[in-house]
Amino acid sequence: MGNKITIIGAGSVGATIANDLAVMNIATEIVLIDINQQKAFGEAMDIYQGLSFGAPAIVRPGEYEDAAGSDIVVITSGLPRKAGQTRLELAQTNVNILKEITPNIVRYAPNAIYIIVSNPVDVLTYVFHKISGIPANHIIGSGTTLDTARLQSELAKEFHISPKNVHAHVYGEHGDSSFVPWSLATISNNHIECYKRHAPNGDTIRFNGEYESFEEKVRNSGAVVIKAKGVTNYAIAMSVCHIIKCVFNGSGTALTVSSMMNGEYGIEDVCLSVLCIVDGDGVRGKIRNDLTPEELGKLRASAAKLKDTIACIQY
């Protein structure tokens, strides 16, 4: 029995996710749905024609009814962020698009796990919770998964080590109020402040606690890419594919995905990113790390900012 994934939205992000899923042999059937049916047809055909070089799979365009039986539905529909525009400025426009999509897709794929990718992802994940009727554990926002990957790659360059050995994460909004709980950051089982002293190549490591500069680089990197090429698609597609692999793996992986807060850290009725366990049934639950008072304040401030935006939109 194979893995069926439906992707709503065949733009740059949706099509790249579909291609990566095929190349990585994650899915045996991929359905692309888009209001522009010709675009979905062309993207599906282009991907399918390359599959003789890899594992066999079905890649095809479709309508909402073709999502029936999907294990995972990925929602990427919406207008992309323009240069100089914040993710939150997109809110009402993309909420309206989500409101049109949701009843149609949920009707045919009520048992799927849903991954929300469209921006502002935390707001849209929250709205999807409120209008879809899908169980909370089956709703995953891509959240700060990509931000965390950006952080880990930057730290890996600084410390001359594989990103896989860097355990530092971005919490809060996928946006300007995000932050890094540095009290939890480790490199190869050493707290980040200690690693330089313990590493065999410590004398080559320049890091001297420039925490804010790393956070700013992570926050701004998406805007830098958009300014340079007009869109971000490759890294977000890889991060979404990683989330999907963790779902299908089923063993439980800690990821900073966006999910509904139900009193954790004193926060409720908003979606944002903290470390969660993701497995075959979606979000198993949250890892309740001990944050410093300052970090807890930043997380609550991020939640408050998102709530302010939610209060201004109609859904």
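Please read these numbers as outputs of a predicted model, since none were measured by experiment.
If you check the side chains of Asn190 and Ser188, you find no donor sitting under 3.5 Å from an acceptor. Defined by atom type and a distance below 3.5 Å, a donor-acceptor pair is present between the side-chain atoms of Trp182 and Glu215. Side-chain contact of Thr28 with Lys4: a donor-acceptor pair under 3.5 Å is absent, judged by distance alone. At a cut-off of 3.5 Å, with distance as the only test, a side-chain donor of Thr6 or Ser70 sits close to an acceptor on the other residue. Ser178 and Asp147 share no donor-acceptor pair across their side chains, judged by distance under 3.5 Å alone. Judged purely by distance below 3.5 Å, without hydrogens or angles, the side chains of Ser118 and Thr76 never pair a donor atom with an acceptor atom. Remark: the Gln92 side chain and the Asn96 side chain contain an N/O donor-acceptor pair separated by less than 3.5 Å. With 3.5 Å as the limit, one finds a donor-acceptor pair spanning the side chains of Asn137 and Asp281. Side chains of Thr256 and Thr148: a donor on one and an acceptor on the other come within 3.5 Å.
Side chains of Tyr171 and Ser273 form no contact here, defined as non-hydrogen atoms less than 4.5 Å apart. Between Ile33 and Pro61, the closest side-chain pair of non-hydrogen atoms is not below 4.5 Å. For the pair Thr292/Leu296, no side-chain contact is recorded, criterion being any heavy-atom separation below 4.5 Å from C-beta on. Within the 4.5 Å cutoff, the side chain of Val274 has no heavy atoms near those of the Ile287 side chain.
Taken together through direct or relayed side-chain contacts under 4.5 Å among Ile, Leu, Val, Met, Phe, Trp and Tyr, Ile131 and Ile116 form part of one hydrophobic cluster. Cluster annotation: Ile7 and Leu124 are assigned to distinct hydrophobic clusters (Ile/Leu/Val/Met/Phe/Trp/Tyr, side-chain heavy-atom contacts under 4.5 Å, transitive). Residues Ile205 and Tyr211 are members of one and the same hydrophobic cluster, defined by side-chain heavy-atom contacts under 4.5 angstrom among Ile, Leu, Val, Met, Phe, Trp and Tyr. Residues Ile113 and Tyr64 do not share a hydrophobic cluster, clusters being chains of Ile/Leu/Val/Met/Phe/Trp/Tyr side chains in contact below 4.5 Å. Linking Ile, Leu, Val, Met, Phe, Trp and Tyr residues whenever their side-chain heavy atoms come within less than 4.5 Å leaves Phe179 and Leu155 in two separate clusters.
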I'd like to know whether Phe248 forms a side chain to side chain contact (heavy atoms under 4.5 Å, CB included) with Asp71, so could you lay out the CA-CA distance, the side-chain angles of the two residues, the decisive distance to 0.1 Å, and finally the verdict. CA-CA 9 Å; Phe248 286 150; Asp71 299 289; 3.9 Å; yes
Test side chain to side chain contact (heavy atoms under 4.5 Å, CB included) on Ile115 and Ile75 and set out the steps. CA-CA 6 Å; Ile115 300 177; Ile75 298 180; over 6 Å; no
Might you work through the side chain to side chain contact (heavy atoms under 4.5 Å, CB included) test for Lys286 and Tyr265, ending with a clear yes or no? CA-CA 11 Å; Lys286 298 174 180 64; Tyr265 303 103; 5.9 Å; no
For a side chain to side chain contact (heavy atoms under 4.5 Å, CB included) check, start with the C-alpha distance between Leu255 and Leu275, then their side-chain angles and the critical distance, and finish with the verdict. CA-CA 5 Å; Leu255 299 173; Leu275 270 175; 5.7 Å; no
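Considering Ile5, Ile26, Val74, Ile236 in turn, Ile26 is the only one that fulfils the side-chain contact (heavy atoms from CB on, under 4.5 Å) rule with Cys241.
For residues 115-143, the set of pairs meeting the salt bridge (charged side-chain N to carboxylate O under 4.0 Å, His left out) definition, not counting sequence neighbours, comprises Lys130-Asp269. Screening residues 135-166 for ring-ring contact (aromatic ring centres under 6.0 Å, His included), with sequence neighbours left out, gives Phe159-Tyr195, Phe159-Phe207. The side chain to side chain donor-acceptor pair (under 3.5 Å) analysis of residues 297-315, with sequence neighbours excluded, yields the pairs Ser177-Ser302.
Here the CG atom belonging to Leu21 is positioned 10.0 Å from the CG atom belonging to Asn3, to the nearest 0.5 angstrom. The distance from atom OG of Ser162 to atom CD1 of Ile187, rounded to the nearest 0.5 Å, is 11.0 Å. Expressed to the nearest 0.5 Å, how far CD1 of Ile105 lies from CD of Glu100 amounts to 14.5 Å. Ile139 contributes atom CD1, which lies 7.5 Å from atom SG of Cys271 (distance to the nearest 0.5 angstrom). From Thr204, atom OG1 reaches atom NZ of Lys196 across 9.0 Å, with rounding to the nearest 0.5 Å. From Met24, atom CE reaches atom CG of Asn19 across 9.0 Å, with rounding to the nearest 0.5 Å.
In the displayed structure, Tyr48 atom OH is contacted under 6.0 Å by at most 12 heavy atoms of other residues, nucleotides or ligands. A 6.0 Å sphere centred on NZ of Lys227 holds no more than 12 heavy atoms belonging to other residues, nucleotides or ligands. By the neighbour-count criterion of 12 heavy atoms within 6.0 Å, atom CG of Asn262 is densely surrounded, having more than that number from other residues, nucleotides or ligands. Crowding of Glu294 atom CD: a count of heavy atoms from other residues, nucleotides or ligands under 6.0 Å not exceeding 12. In this structure, Glu212 places its CD atom where more than 12 heavy-atom neighbours from other residues, nucleotides or ligands lie under 6.0 Å away. Annotation for Asn189: atom CG does not count as buried by contact number, only 12 or fewer foreign heavy atoms lying within 6.0 Å. Environment of OH in Tyr108: crowded, with over 12 heavy atoms of neighbouring residues, nucleotides or ligands closer than 6.0 Å.
Remark: side-chain polar atoms of Asn233 are not paired, donor with acceptor, to backbone N or O of Val13 under 3.5 angstrom. In terms of modelled atom types and a separation under 3.5 Å, the side chain of Ser221 and the main chain of Val218 share a donor-acceptor contact. Remark: the backbone N or O of His169 is not paired with any side-chain donor or acceptor of Gln152 at under 3.5 angstrom. Side-chain atoms of Glu210 come within 3.5 Å of backbone atoms of Asn208 as a donor-acceptor pair (strictly under, hydrogens ignored). A distance-only check finds no donor-acceptor pair linking the side chain of Asn289 to the backbone of Leu291 [under 3.5 Å]. A donor-acceptor pair is defined here as one N or O able to donate and one able to accept, closer than 3.5 Å; no such pair exists between the side chain of Asn220 and the backbone of Lys217.
Salt-bridge check for Lys39 with Glu43: passed, with a basic side-chain N closer than 4.0 Å to an acidic carboxylate O. The residues Glu29 and Arg60 are annotated as salt-bridged, a charged nitrogen and a carboxylate oxygen being separated by less than 4.0 angstrom. Using a 4.0 Å cut-off between charged nitrogen and carboxylate oxygen, Asp279 and Arg284 count as a salt-bridge pair.
Closest non-hydrogen pair, Ile134 versus Pro110, comes out as CD1-O, 3.5 Å. Contact detail for Gly11 and Asp34: the closest heavy-atom pair is N-OD2, 4.0 Å. Here the closest non-hydrogen pair linking Ala55 and Asn25 is CB-OD1, 3.2 Å. Minimum interatomic distance between Leu51 and Ala22 (heavy atoms only, all atoms of both residues): CD2-CB, 3.6 Å. Ile47 and Ala15 make their closest contact through CD1-O, 3.8 Å (heavy atoms, listed as atom of the first residue, atom of the second, distance). Taking all atoms of both residues into account, the shortest heavy-atom contact from Val121 to Thr125 is O-OG1, 2.6 Å.
Using a 30° and 60° split on the angle between ring planes, Phe128 and Tyr114 fall in the tilted class, from 30° to 60°.
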